[in-house]
Amino acid sequence: MLLLVDRPESLDEQAKCATVTVRRFVEVRGVPSGYGDLMPRTKASCADVQLATWAAQAGADISTRQIERWREQGLVPRNLKRSLGRGKGSTSEPAPGAADLVIWLARHARPGRRPTDLALAAFSEGLAVPELTVRKAFAAVIGNVNATVGRFATAHEGTNPRRAVASSTLVPGRIRRIDRAIGAIVNTADLTLAALDSGFGTGVLTSAEVGSIAAHALREGADSIDLGAMAAIGRSLLPKGTAAPMLGLLEFNTPTLRLSDGSVVSNEEGGLGFLPEGDFLDHLHGLAAGTPLDELLSAWHLAMQLSAWAIDLCERVEHELEVGTPGAAVEEWLWTSWGLGRSWLVSAIRDKNRPVDIATTTLMLIFTRDMVRWLRQNVADGRFDLLSHPIGLPRLLAPLLAPQA
C-alpha cells in the first residue's frame, strides 16, 4: 500500500492516501474491500487520489492513471509539493484550478480527440491549462494555414483557367446562393456605386491564382504582395459584377497616403510597407508565443462571436428573402459585400468552427488588431471611423479598432 503515494511523504500521510484510495475503489467501482489485487499497479500521489475523488463526487469516474496521462500530454498542471514540517516529509496537493480542469476533461475527452483540441477548448472556457501547452496548441494550428493555402494553390491546376474564384470553393455555396437571390432584386453594379470604384470591371482570379499569391505571402512576407493583387483577391470573393469602392480605394489611392513622418504607405514592391516582412508563418508563431494569455482568450471569444455573427446574418437574410421583405439583414449583407468585411464573412462560413479553425482566426484577429494599432500611431489623419461601419469590418470586431491602452 505504501507504493501508492509519492515519497518522501510521512507514514501518516501515506496511510491516509491509501485509505482514500481504497474507499474510492469500493464506493465508485463497487469492489469489495479485501481484494488488494484489484488496486492500481502504479503509485498515485495523494493529490491525484484527491482529484479522482473530487471528480467521482462530481459524477465523473476517472482513474489516477488517466490523470497522469493527461499530465504527460501537458493538459493537467503538475501537483504542488507541501512540506509537513519537523522532519515529517512532504505531501502533494493539486495545483489551483486542477480539479475543475480534470472534471472538464473527464466529461469532454474521448477516444480520437486530439490533446491539442482539448487544450484549446478547455482554455477557451477559462480553465487552468498550463500556459506552455496553450501556446504550443496555438503554434500547432499554424501548419494548418500553410496546408490550406497549399490546397487552394494546387486544387484547380489543369482546370479551365477562366473559371472564376467567385464560383469555386473559396466562396461557400450558402453565400453564393444568397448573393444570387439578392442580385435578382438589387443592382450591385449600380452606376452611381460603380463610378466610385476605380477598379470596377477588372477580372477576378482563379482559385489556383489566389492560392499562389497567398503562398508567396507566407514565404516572402505579407508586405511583398502588391496592392493590385490584394484588390484582385478581394474582388474574387465578391458577388459577380459587384462594385466595391473600398477595394478601388485600396488599389488606386493608398499609394498617395502618407504616414506622420511624411513617408508613403506603399513600399518599392507596391505592397503595404507596414505589413510583416519575411516568413508570415514565423510572424504567426511569434503571436502564439508572445501574446498575453488574457489577450489570446479575448481574441478567441471574438473569433467564436464572428462565426456566430456570420451564421446569424445568413439566417436573417434568408428569412427576409423567403418572406419577400428585404430589410436590415439584406442591407447589412450589401454593405459587407461592398467592403472589407466580405473576407471575414466568407472565412467564418467556410470554417467548421473546429478548435483549429477558431485558433487560426484568433491569431488573424490579433494580427489585424496590431496592424490597426500601428496605423493609428503612424497615420494621424486616418479615417478609422470607416472601419467601424459594416463596409469596413463587422461591428462586433470593434474591439480590434480601439487605440492601445
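Values below: all heavy atoms of this structure, side chains included; hydrogens, waters and symmetry mates excluded. Here the structure is a predicted model, which is why all the values come from computation and not from measurement.
With rounding to the nearest 0.5 angstrom, the OG1 atom of Thr116 is 9.5 Å from the CD atom of Gln73. To the nearest 0.5 Å, atoms CG (Leu284) and OG1 (Thr291) are separated by 10.0 Å. One distance of note links CD1 of Ile213 with CD1 of Ile233; it measures 4.5 Å at 0.5 Å rounding. Rounding to the nearest 0.5 Å gives a distance of 11.0 Å between CG of Asp370 and CG of Leu375. From Ser45, atom OG reaches atom CZ of Arg78 across 12.0 Å, with rounding to the nearest 0.5 Å. The CG atom of Leu387 lies 8.0 Å from the CZ atom of Arg376; values are rounded to the nearest 0.5 Å.
Here the closest non-hydrogen pair linking Ala128 and Pro77 is O-CD, 3.8 Å. For the pair Pro130 and Val76, the tightest heavy-atom approach, listed with the atom from each and the gap, is CG-C, 4.0 Å. When all heavy atoms are compared, the tightest approach of Phe280 to Pro276 is CE1-CG, 4.2 Å. Here the shortest heavy-atom pairing between Gly278 and Asp223 reads N-OD1, 4.4 Å. When all heavy atoms are compared, the tightest approach of His285 to Ile142 is N-CD1, 3.4 Å. Taking all atoms of both residues into account, the shortest heavy-atom contact from Pro94 to Ala47 is N-CB, 3.6 Å.
Side-chain contact check for Val102 versus Ile67: some heavy-atom pair is nearer than 4.5 Å. Two residues are said to be in side-chain contact when any heavy atoms from C-beta on lie closer than 4.5 Å; Leu397 and Arg369 fail this criterion. In this structure, Trp344 and Thr368 have side chains that are in contact, with non-hydrogen atoms separated by less than 4.5 Å. You'll find the side chain of Leu272 reaches within 4.5 Å of the side chain of Met230, heavy atoms only. Side-chain contact between Thr362 and Val141 is absent, with no heavy atoms from C-beta onward closer than 4.5 Å. Between Leu275 and Ile225, every side-chain heavy-atom pair lies at or beyond the 4.5 Å cut-off. Lys240 is not listed as a side-chain neighbour of Asp179, based on a closest heavy-atom distance of 4.5 Å or more. Looking at Arg114 and Leu120, their side chains never come closer than 4.5 Å, going by heavy atoms from C-beta outward.
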Leu247/Leu238 under side chain to side chain contact (heavy atoms under 4.5 Å, CB included): CA gap, chis, key distance, verdict: CA-CA 11 Å; Leu247 294 177; Leu238 300 181; 3.8 Å; yes

Derivation and outcome, side chain to side chain contact (heavy atoms under 4.5 Å, CB included), residues Arg342 and Ile175: CA-CA 10 Å; Arg342 177 75 171 193; Ile175 292 180; 3.5 Å; yes

Stepwise side chain to side chain contact (heavy atoms under 4.5 Å, CB included) check, Asp117 with Arg354: CA-CA 8 Å; Asp117 289 348; Arg354 301 168 302 176; over 6 Å; no

Stepwise side chain to side chain contact (heavy atoms under 4.5 Å, CB included) check, Phe123 with Thr133: CA-CA 10 Å; Phe123 168 72; Thr133 300; over 6 Å; no

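With Arg235 contributing its side chain and Val204 its backbone, the two residues share no donor-acceptor pair below 3.5 Å. Panel note: side chain Glu209, backbone Thr206; a donor-acceptor pair is recorded below 3.5 Å. Side-chain atoms of Thr242 never come within 3.5 Å of backbone atoms of Thr188 as a donor-acceptor pair (strictly under, hydrogens ignored). Checked by atom type and distance alone, the side chain of Glu320 pairs as donor or acceptor with a backbone atom of Val330 at under 3.5 Å. Side chain of Ser124 to backbone of Ala121: a donor-acceptor contact under 3.5 angstrom is found. A donor-acceptor pair under 3.5 Å is absent between the side-chain atoms of Asp197 and the main chain of Ala243, judged by distance alone. In this structure, Arg107 contributes its side chain and Ala60 its backbone to no donor-acceptor pair below 3.5 Å.
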Taking distance alone, no hydrogens or angles, what donor-acceptor pairs closer than 3.5 Å link side-chain atoms of residues 306-316 to residues at least two apart or in another chain?
{"residue": "Trp309", "atom": "NE1", "partner": "Glu332", "partner atom": "OE2", "Å": "2.9"}
{"residue": "Asp312", "atom": "OD2", "partner": "Arg316", "partner atom": "NE", "Å": "2.8"}
{"residue": "Arg316", "atom": "NH2", "partner": "Glu332", "partner atom": "OE1", "Å": "3.1"}

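Ring geometry for Phe274 against Trp374 counts as parallel: the plane angle stays under 30°, on a 0 to 90° scale with 60° as the upper cut.
Ionic pairing of Arg71 and Glu68 is present here: one or more N-O contacts between side-chain nitrogen and carboxylate oxygen are shorter than 4.0 angstrom.
Each of Trp335, Phe384, Trp338 was checked for a ring pair (Phe, Tyr, Trp, His ring centres under 6.0 Å) with His389, and the lone residue meeting it is Trp335.
Judged as a ring pair (Phe, Tyr, Trp, His ring centres under 6.0 Å), the pairs with a partner in residues 95-119 (not counting sequence neighbours) are, in order, Trp104-His108.
Arg174 CZ: more than 12 foreign heavy atoms inside a 6.0 Å radius. More than 12 heavy atoms of other residues, nucleotides or ligands lie within 6.0 Å of CD in Glu125, so this atom counts as buried by the packing criterion.
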